[in-house]
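The next block holds one structure in the form of structure tokens; read it before the comments.
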Amino acid sequence: GAPKGPVQPSAGFIHLQFLFFRHLDRACLSFTLIPQSSVSTPNELHVALSPEFDSLPNCKSEISLSELGDPTGLTGIVRVDPATHQATHIERTEPASVGNNLPFVSTDYAPVKIGGKTFWLPTETDSVAIINKAKVHTVVHYSDYHLFTANSTILPGTPEPEVPQASDQ
């Protein structure tokens with residue numbers, strides 16, 4: 001059934017990276033670098049379906065594109081920090097249609113220090129979902145990242161409990 005509340009795309013920030021940057025999808029997409037207004041302004045790539053999309057046999061069958069439903073009209077924006085070459089913003093827009101309940105999703109990234117190392121992690125996701133003909137806008141902020149550590153012990157297996165057999169009467 002249809003979700004009943006706000007929708008946060010499942011691991012949406014990872015999916016966006018794979019959608020635009022998987023080697024298998026590269027021929028299916030076109031990338032246009034937008035001129036920068038200054039050297040400190042993030043580089044901006046506009047992403048769209050390649051003009052050859054319909055004629056390339058693998059484009060429509062690739063999982064990263066086909067799970068969106070009909071990708072017609074798919075566009076995106078990727079902003080890249082000019083100093084670090086890290087993506088700071090990735091967004092996908094696609095016309096709402098049957099099979100596409102998530103016409104817009106974006107993720108912002110920033111450097112986060114954890115355990116003495118710097119990682120580029122999501123700081124915000126923003127999405128628009130269509131649920132039962134209603135437009136639902138969800139913004140999620142990520143902060144206060146921590147290093148998680150755990151120890152575990154693997155013990156010898158425990159025998160499976162015996163399942164009572166049905167008796168023939």
Side-chain angles (χ1 to χ4, degrees), residues 6-131 134-147:
V7 170
Q8 174 60 31
S10 173
F13 42 83
I14 294 171
H15 179 72
L16 284 176
Q17 291 173 348
F18 286 129
L19 173 65
F20 293 148
F21 299 114
R22 271 183 15 131
H23 174 71
L24 294 171
D25 297 334
R26 196 138 314 140
C28 305
L29 302 167
S30 67
F31 299 87
T32 305
L33 180 63
I34 304 305
Q36 295 174 267
S37 57
S38 76
V39 292
S40 62
T41 304
N43 294 312
E44 188 167 289
L45 289 169
H46 285 204
V47 183
L49 293 180
S50 165
E52 295 85 30
F53 180 85
D54 287 327
S55 64
L56 296 172
N58 293 334
C59 287
K60 290 194 177 188
S61 64
E62 285 301 323
I63 186 68
S64 65
L65 289 175
S66 64
E67 69 185 34
L68 298 174
D70 179 5
T72 302
L74 171 73
T75 61
I77 294 174
V78 179
R79 290 189 190 104
V80 178
D81 177 68
T84 63
H85 300 179
Q86 293 289 332
T88 59
H89 177 87
I90 301 176
E91 71 181 56
R92 172 193 54 85
T93 304
E94 184 177 10
S97 63
V98 175
N100 178 23
N101 296 346
L102 196 63
F104 175 82
V105 63
S106 73
T107 303
D108 291 331
Y109 301 85
V112 176
K113 276 203 171 236
I114 301 175
K117 293 184 180 181
T118 301
F119 300 90
W120 282 76
L121 298 173
T123 56
E124 178 179 296
T125 58
D126 185 347
S127 64
V128 174
I130 309 299
I131 301 173
K135 185 186 280 189
V136 178
H137 183 207
T138 305
V139 177
V140 178
H141 295 274
Y142 301 92
S143 62
D144 201 21
Y145 284 100
H146 293 285
L147 179 64

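Note: hydrogens, waters and symmetry copies are ignored here, and every other heavy atom, side chains too, is used. Note that this is a predicted model, so its numbers are computed, not measured.
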| task | Compare every heavy atom of F104 with every heavy atom of D126, then report the nearest pair and how far apart it is. | result | O-CE2, 3.8 Å
| said: Just verifying a value: how many Å separate R92 CZ and I77 CD1, rounded to the nearest 0.5 Å? | reply: 13.0 Å
| query | Quick one: are I130 and P103 in side-chain contact, heavy atoms under 4.5 Å? | reply | yes
| Are T84 and W120 close enough, and set up right, to give a side-chain contact (heavy atoms from CB on, under 4.5 Å), and what steps lead you there? | CA-CA 10 Å; T84 63; W120 282 76; 3.5 Å; yes
| Those residues that, when tested against S40, pass side chain to side chain donor-acceptor pair (under 3.5 Å) (two or more places apart) | S38
| task | With rounding to the nearest 0.5 Å, note down the distance linking CD in E124 to OG in S106. | result | 6.5 Å
| request: For T75, enumerate each residue passing the side chain to side chain donor-acceptor pair (under 3.5 Å) test, keeping only those at least two apart in sequence or located in another chain. | output: none
| Taking atom CG of D108 and atom CD of E91, what is their separation to the nearest 0.5 Å? | 9.0 Å
| Applying salt bridge (charged side-chain N to carboxylate O under 4.0 Å, His left out), which residue pairs with at least one partner in residues 136-147 are found, sequence neighbours left out? | none
| said: Distance check, rounded to the nearest 0.5 Å: T107 atom OG1 versus Y142 atom OH? | reply: 7.0 Å
| task | Report the distance from atom CG of N43 to atom CD1 of I34, rounding to the nearest 0.5 Å. | result | 11.0 Å
| said: Working note: L29 + L49, criterion side-chain contact (heavy atoms from CB on, under 4.5 Å); need CA distance, chi angles, decisive distance, verdict. | reply: CA-CA 4 Å; L29 302 167; L49 293 180; 4.1 Å; yes
| Can you list every salt bridge (charged side-chain N to carboxylate O under 4.0 Å, His left out) pair that touches residues 28-42, not counting sequence neighbours? | none
| request: Could you pull out all residues at least two apart from F119 that satisfy side chain to side chain contact (heavy atoms under 4.5 Å, CB included)? | output: I114, K117, L121
| request: Could you tell me the separation between the OH atom of Y145 and the OG1 atom of T123, rounded to the nearest 0.5 Å? | output: 7.5 Å
| query | Do you know the tightest heavy-atom contact between Q36 and V39? | reply | NE2-O, 3.8 Å
| request: Taking the side chain as every heavy atom from C-beta outward, state whether P42 and H89 have any atom pair closer than 4.5 Å. | output: no
| remark: salt bridge (charged side-chain N to carboxylate O under 4.0 Å, His left out) filter on E44, not counting sequence neighbours, yields R79
